[in-house]
Trainee: 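Would you mind keeping the following structure in view while I ask a few things?
Keep in mind that the numbers below use all heavy atoms, side chains included, and drop hydrogens, waters and symmetry copies.
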Amino acid sequence: MPNILTPVLMVTSRVTRISDSLIYSRKVLAIQPGKNRPILEVALHGGGGARTISRYALEALGRLDMDYSILKAIATRSRAEQLIRAEAVAKAVKDGKPKLRFPRERPDQIWPVLPKNRQFPIGVGTGMHHLRVLNQHILNRFQDLAEPLVARATTLTLPHRPTDPERVSKAEMDRRKAEREAGSDIPLRGKGTAFPEPASITAAVKAAGFTKLRLVCLWYRDETRLRMLTTLAKTYNLDNKGLDPRDGQEIDLYGGTITAVFHFMGDFLTHGSPSGRTKALKPADAALDASGGVLVGAWCETHIPTADDAPGLKPAELEDIDAKPQTKTILAGRDIASQYVLGKNAQGVIQPKAPDHPTEMALLDLYRSLGIIDDRIANALRPEPRHALYGPDRIAHVGFHIRQQNKRKGERTSPKIVVTATALVPPAKRGDVWQLRGWSSAVPRWQPYRSAQNQFHANQYPQEAGGKKSYRHRWDDIGAVIERALEDLVEELDGRPYVVTVDEDSARRIWDGLQNSKQSSHPGTGKNKYWLPGYSLQEDERPDAIIRVNIADDRVPPPVAYTRVLSTRDGEKEGETTNALYEIETDFGTPVWLLCNVPRNYDGGNSGRLGAKYTRWDAKRAVISENREDRRKSEMPEPWYTMTATEIFPIALNDRVSHEALAFATAQLCHQTMYWSGRARYPVALHAAIQMDEDHPQYRRTAQSADEEPDIDEQE
DNA sequence: TAATCCTCCGCGGGACGTAC
DNA sequence: GTACGTCCCGCGGAGGATTA
């Protein structure tokens, strides 16, 4: 936490699952003999099913005032398990695949930590109640040796989102209730939708300088074509029955300004080598033609390649024949935004549920890739009256995303650094549409988000120039690139002020001024070349403020509960969850804000808020019953959630700035995303920048583990 | 003295779960 | 399809210790 003088003790808890084998674990928890001694975490060494105690751990344990029972226990267990393994392997020479079973007794002194996150009879997460009990325990133990951070709720009222249920006045609600009693079936509160009004899509398309939007739907499985068609019909209020366009026939979705074309594209979309794909796209050329001011978006079918697609290939090689990155690159090269939807998975052809969430979310994300901004951003940013003077709704909100992609196993190239950015630019005239501009380190110039993303996707991740650099040198160079980007942006903005949002975790290695420990010092005192984004620019070109956002679970304190002071009479009420914005009292400088989030999984309709009232030790067993109402899943395998928080820390670079106004605006832009039904962890501009990176064809995370794993028998 | 080994640490990221 | 939460591994830089 910034601007706090005393050390901050952050307490949290986690569920660690215990493995039945030690020789495949990286870590063990060890119970020390004697009373009141902490549990030790001991790292193990070696690989390939032969892990044992590391030399360093040996020394550390030796130096501790303790007997050698832990070391002996680890060594004994490692030997015993390796023996079991050797026998299984020897047997496998005769019978084929080795089958490994380790004893499943309750561990004694040594508790091996489950090395991988895989299906397990116990789910993750501790639940809210557990955190509250822990909080009380800490308060009791520390008494007045430590004091909790003081956080006060702010007056921020969160924007009403299109996805929220309809807001209904009391009079209208009464009228509807009366009508329902009279037999009508109107809903008391209409359900919200994440889909924008067709009219506002058209407005955004026109504002971007196009005459119409054409969605080109490329498919190779009838079922997928039908799902796309159904979703379009639903969101544009068309009659689904008569809707059965021929291949290549352009159908009207909304007043001639939004249309769709379907094309069967078997050769283009199925897995295989990259050669011949551009040719295979030919039949759709007319539909993809953007001349005459048409904004084109491609909506494609895909599936994850398996051994069926290319018999004989190893899992790692399947990545090379995946059509998705190949086709995405081709479409991006033609300045066409693309979005994919899975036609089948391991279970076979996907049978959509109602509503068909995957297809709907895919279509929404295509709007995002096209850079369409409707009025939801302007609605969300409406400031409190006292902030109107500074006016966060009249400034540009810029987000910079920085990521290093490390080398994966078997890769030879050096780590790559990716920087993407977006700028949410206010209209020159109030009431006009906001614009989204994009920038990337691969194509370092500001353009409409759509073009910036397409060009970024058409290019390989930039390789590091100038030979091998030191850590410091590399990040200073990235800082310089970003300063130039901001300089360019200032010209585009033509005098409108702007703020820059970055994630603390990934950005503090470039900018000293973001670090907690530097909050009381001055520019030029750190090791880094740059103090804050834009700080090296001329004074009148600098951003108004840098907004530091942090979501790291080990750096942002977890909220446990809140107290509401009742206004009507003296008294307080304890609340369990909150999604409000809180201001943290600091010892010097400005305050810092915490935006509390309730995970949707915890709050969602089916979860039943596991862990709200008791801890995992009281988890309920499964109930098997003929009676449907009595049936219940076991609670233990489910995930148990707790509240999370987003830290928002505005650092002003001039004295016009209202810190609180910027904290409010940031919270509002987390609450209202471009095209998502809930909250996002990052505000719109930063989120859109991260999305650009994650949709890149080279952003893949299908790394193969070389580590040998025991075959765990399916049982229970 | 330079090269190599070893471990810590920061942080990227994979896997799995739920929600809409 | 995307989003987030949880919890673990493991890469690669930094820097000390060891070896050629």
Trainee: From the list B:dC20, B:dT18, C:dT6, which nucleotide is the closest neighbour of the side chain of A:Arg600?
Mentor: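 Among B:dC20, B:dT18, C:dT6, the one nearest the side chain of A:Arg600 is B:dC20.
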Trainee: Using a 4.0 Å heavy-atom cut-off across all strands, classify A:Thr126 as base, sugar-phosphate, or nothing.
Mentor: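 Answer is nothing: A:Thr126 stays at 4.0 Å or more from every strand.
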Trainee: The side chain of A:Pro639 lies closest to which of these nucleotides: B:dG17, C:dC7, C:dG1?
Mentor: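 Closest nucleotide to the A:Pro639 side chain: B:dG17.
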Trainee: Could you give the CD-to-P distance, from A:Glu638 to C:dC7, as a whole number of Å?
Mentor: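 In whole Å, C:dC7 P lies 15 Å from A:Glu638 CD.
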Trainee: Listed by chain and number, what are the side-chain hydrogen bond (donor to acceptor under 3.5 Å, both in side chains) partners of A:Ser677, not counting sequence neighbours?
Mentor: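 So A:Ser677 forms a side-chain hydrogen bond (donor to acceptor under 3.5 Å, both in side chains) with A:Arg600.
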Trainee: Nearest whole Å is fine: how far is C:dC4 C1' from A:Asp503 CG?
Mentor: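 So the two atoms are 15 Å apart, to the nearest Å.
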Trainee: How long is the line joining CD1 of A:Ile304 and C1' of C:dG1, in whole Å?
Mentor: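 Answer to the nearest Å: 12 Å.
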Trainee: Which part of the nucleic acid does A:Thr359 contact within heavy-atom distance under 4.0 Å: base, sugar-phosphate only, or nothing?
Mentor: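 No contact at all - A:Thr359 keeps every heavy atom at 4.0 Å or more from the nucleic acid.
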Trainee: Between A:Leu342 and A:Met643, which residue's closest nucleotide on DNA chain C lies nearer the 5′ terminus?
Mentor: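 Looking at DNA chain C, the more 5' nearest nucleotide goes with A:Leu342.
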Trainee: According to ring pair (Phe, Tyr, Trp, His ring centres under 6.0 Å), who are the partners of A:Tyr530, at least two apart in sequence or on a separate chain?
Mentor: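 In terms of ring pair (Phe, Tyr, Trp, His ring centres under 6.0 Å), with neighbours along the sequence ignored, A:Tyr530 is linked to no residue.
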Trainee: When you measure from the side chain of A:Val113, which nucleotide among C:dC8, C:dG5, B:dG12 comes out closest?
Mentor: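 Of the candidates, C:dC8 comes closest.
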Trainee: Base, sugar-phosphate alone, or nothing: which one does A:Gln691 contact when heavy atoms must sit under 4.0 Å apart?
Mentor: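 Here A:Gln691 touches the backbone only, sparing every base.
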Trainee: Measure from CG on A:Asp365 to P on B:dC20 and round the result to the nearest Å.
Mentor: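 After rounding, the reported distance stands at 19 Å.
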Trainee: Check every strand shown and say whether A:Gly678 touches a base, only sugar-phosphate, or nothing at a heavy-atom separation below 4.0 Å.
Mentor: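 If one applies the 4.0 Å heavy-atom cut-off, A:Gly678 turns out to touch nothing in the nucleic acid.
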Trainee: Can you tell me the distance, in whole Å, between the CE atom of A:Met674 and the C1' atom of C:dA3?
Mentor: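 After rounding, the reported distance stands at 15 Å.
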Trainee: Report, as yes or no, whether the 6.0 Å neighbourhood of atom CD on A:Glu223 holds more than 12 heavy atoms from other residues, nucleotides or ligands.
Mentor: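 Yes, enclosed.
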Trainee: Can you tell me the distance, in whole Å, between the CG atom of A:Leu114 and the P atom of C:dC7?
Mentor: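 Roughly 12 Å, once rounded to whole Å.
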Trainee: With sugar-phosphate meaning primed atoms plus P, OP1 and OP2, does A:Leu364 contact a base, only sugar-phosphate, or nothing at under 4.0 Å between heavy atoms?
Mentor: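 Nothing: the residue A:Leu364, judged by heavy atoms under 4.0 Å, touches no strand.
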Trainee: Are A:Arg403 and B:dG13 close enough that a side-chain N or O sits under 4.0 Å from OP1 or OP2?
Mentor: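 Looking at the OP1 and OP2 atoms of B:dG13, one of them is under 4.0 Å from a side-chain N or O of A:Arg403.
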Trainee: Closest nucleotide of DNA chain C for A:Tyr340 versus for A:Ala680: which of these residues is on the 5' side?
Mentor: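 Here A:Tyr340 is the residue nearer the 5' end.
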Trainee: Mapping A:Ile402 and A:Pro358 to their closest nucleotides on DNA chain B, which lands nearer the 5' end?
Mentor: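 Residue closer to the 5' terminus by nearest nucleotide: A:Ile402.
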Trainee: Would you say a side-chain N or O of A:Thr16 is under 4.0 Å from OP1 or OP2 of C:dC8?
Mentor: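 Yes, such a contact exists.
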Trainee: Does the Lys NZ or Arg CZ of A:Lys620 fall within the cation-pi geometry relative to A:Tyr614 - under 6.0 Å from the ring centre and within 45° of the axis?
Mentor: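 Output yes; distance and angle both within limits.
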Trainee: Give, for atom CG of A:Asp693 and atom CD1 of A:Ile402, the distance between the pair rounded to the nearest 0.5 Å.
Mentor: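 That separation rounds to 11.0 Å.
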Trainee: Among C:dT6, C:dA3, C:dT2, which is the nearest nucleotide to the side chain of A:Thr644?
Mentor: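 The listed nucleotide nearest to A:Thr644's side chain is C:dT6.
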Trainee: Between A:Trp475 and A:Ser677, who's closer to the 5' end of DNA chain B by nearest nucleotide?
Mentor: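 Upstream on the strand: A:Trp475.
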Trainee: Do the side-chain N or O atoms of A:Gln339 get closer than 4.0 angstrom to the phosphate oxygens (OP1, OP2) of C:dG1?
Mentor: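 For C:dG1, OP1/OP2 do not have a side-chain N/O of A:Gln339 under 4.0 Å.
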Trainee: Reckon A:Thr673 touches a base, only the sugar-phosphate, or nothing at all at heavy-atom distances under 4.0 Å?
Mentor: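 If one applies the 4.0 Å heavy-atom cut-off, A:Thr673 turns out to touch nothing in the nucleic acid.
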Trainee: Salt-bridge test for A:Glu360 and A:Lys234: reply yes if a basic N is under 4.0 Å from a carboxylate O, no otherwise.
Mentor: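 Result for this pair is yes, salt bridge flagged.
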Trainee: May I ask you to say what A:Tyr675 touches in the nucleic acid, namely base, sugar-phosphate or nothing, with a heavy-atom cut-off under 4.0 Å?
Mentor: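 No contact at all - A:Tyr675 keeps every heavy atom at 4.0 Å or more from the nucleic acid.
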Trainee: Reckon A:His687 has a side-chain N or O less than 4.0 Å from the OP1 or OP2 of C:dT2?
Mentor: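 No, outside the criterion.
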Trainee: State which of C:dT2, B:dG13, B:dG17 makes the closest approach to the side chain of A:Tyr641.
Mentor: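 Of all the options, the side chain of A:Tyr641 is nearest to B:dG17.
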Trainee: Tell me whether the OP1 or OP2 atom of B:dG17 has a side-chain N or O from A:Arg17 closer than 4.0 Å.
Mentor: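 Answer is no, no contact under 4.0 Å.
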Trainee: Rounded to whole angstroms, how far apart are CG on A:Leu366 and C1' on C:dG1?
Mentor: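 So the two atoms are 12 Å apart, to the nearest Å.
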Trainee: Let me know the distance between CG of A:Asp505 and P of B:dG12, rounded to the nearest Å.
Mentor: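 Answer to the nearest Å: 7 Å.
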Trainee: How long is the gap from OG1 on A:Thr359 to CD on A:Gln339, to the nearest 0.5 Å?
Mentor: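 CD of A:Gln339 is found 10.5 Å from OG1 of A:Thr359.
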